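One structure below.
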Amino acid sequence: MLYQKILSGETPYFVATGALCSFPEHRHADIELHYCIHGTVKIMIDKSIYQMRAGEIALISPMSSHAIPDDYAEERAVITVMVGAAFLKRHFAFF
């Protein structure tokens with residue numbers, strides 16, 4: 001699983017493009033960004049649900065609870081970027 005490389009420090013970030021399918025509620029120490037290229041996406045962050053449209057971005061801070069509800073009803077495209085601690089340590093001296 002690519003995400004595990006972020007946790008182990010092997011990879012400082014992860015970038016993917018796709019439909020952003022449903023995902024259960026979870027939390028982690030990484031920073032997560034979702035940029036909606038096409039269509040709409042519902043995303044739950046700390047129990048609040050947001051509707052992202054094309055051109056909008058969601059920023060999920062470390063340890064925030066988040067999920068992608070199972071509501072895939074239309075074609076959509078999303079860029080997902082996850083930034084791990086290895087990236088932050090490499091570029092910021094105070095980490």
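If you read the sequence from its start, that first residue is 1, and numbering goes on from there. These values consider heavy atoms only, across backbone and side chains, with no hydrogens, waters or symmetry-generated copies. This structure is a prediction, so every number in the text was calculated from the model and none was measured.
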For His66, all residues meeting ring pair (Phe, Tyr, Trp, His ring centres under 6.0 Å), sequence neighbours excluded
His26, His28

Ignoring hydrogens, what is the shortest heavy-atom contact between [X] and [Y]? Give both atom names and the distance.
X	Y	value
Ala29	Pro62	O-CB, 3.3 Å
Ile60	Ile43	CD1-CD1, 3.7 Å
Pro69	Lys42	CD-O, 3.3 Å
Leu59	Ile31	CD1-CG2, 3.6 Å

Step by step, would you call Ile37 with Val78 a side chain to side chain contact (heavy atoms under 4.5 Å, CB included)?
CA-CA 5 Å; Ile37 300 169; Val78 178; over 6 Å; no

With side chain to side chain contact (heavy atoms under 4.5 Å, CB included) as the test, would you mind laying out the steps for Leu33 and Ile57 before giving the verdict?
CA-CA 7 Å; Leu33 297 158; Ile57 191 167; 4.1 Å; yes

Taking only residues two or more places apart in sequence, or in another chain, which ones meet Ser61 in a side chain to side chain contact (heavy atoms under 4.5 Å, CB included)?
Ser64

Hey, are the side chains of Lys47 and Glu25 touching, using non-hydrogen atoms and a 4.5 Å cut-off?
yes

Go through Phe14 and Val81 one step at a time and tell me if the side chain to side chain contact (heavy atoms under 4.5 Å, CB included) criterion holds.
CA-CA 6 Å; Phe14 169 76; Val81 178; over 6 Å; no

Do the side chain of Arg27 and the main chain of Met63 share a donor and acceptor less than 3.5 angstrom apart?
yes

Determine whether a donor-acceptor pair (N or O, by modelled atom type, separation under 3.5 Å) exists between the side chain of Arg76 and the backbone of His38.
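No; zero donor-acceptor contacts below 3.5 Å.
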
Hydrophobic cluster of Ile49, others only, ordered by chain and residue number, side-chain cut-off 4.5 Å
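Met44, which link up through side-chain heavy atoms under 4.5 Å apart, make up the rest of the cluster.
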
Hey, what do you get for OH (Tyr35) to CD1 (Ile79), rounding to the nearest 0.5 Å?
7.5 Å

Before giving the answer on side chain to side chain contact (heavy atoms under 4.5 Å, CB included), spell out for Thr40 and Met52 the whole-Å C-alpha distance, their side-chain angles and the decisive distance to 0.1 Å.
CA-CA 5 Å; Thr40 61; Met52 290 179 22; over 6 Å; no

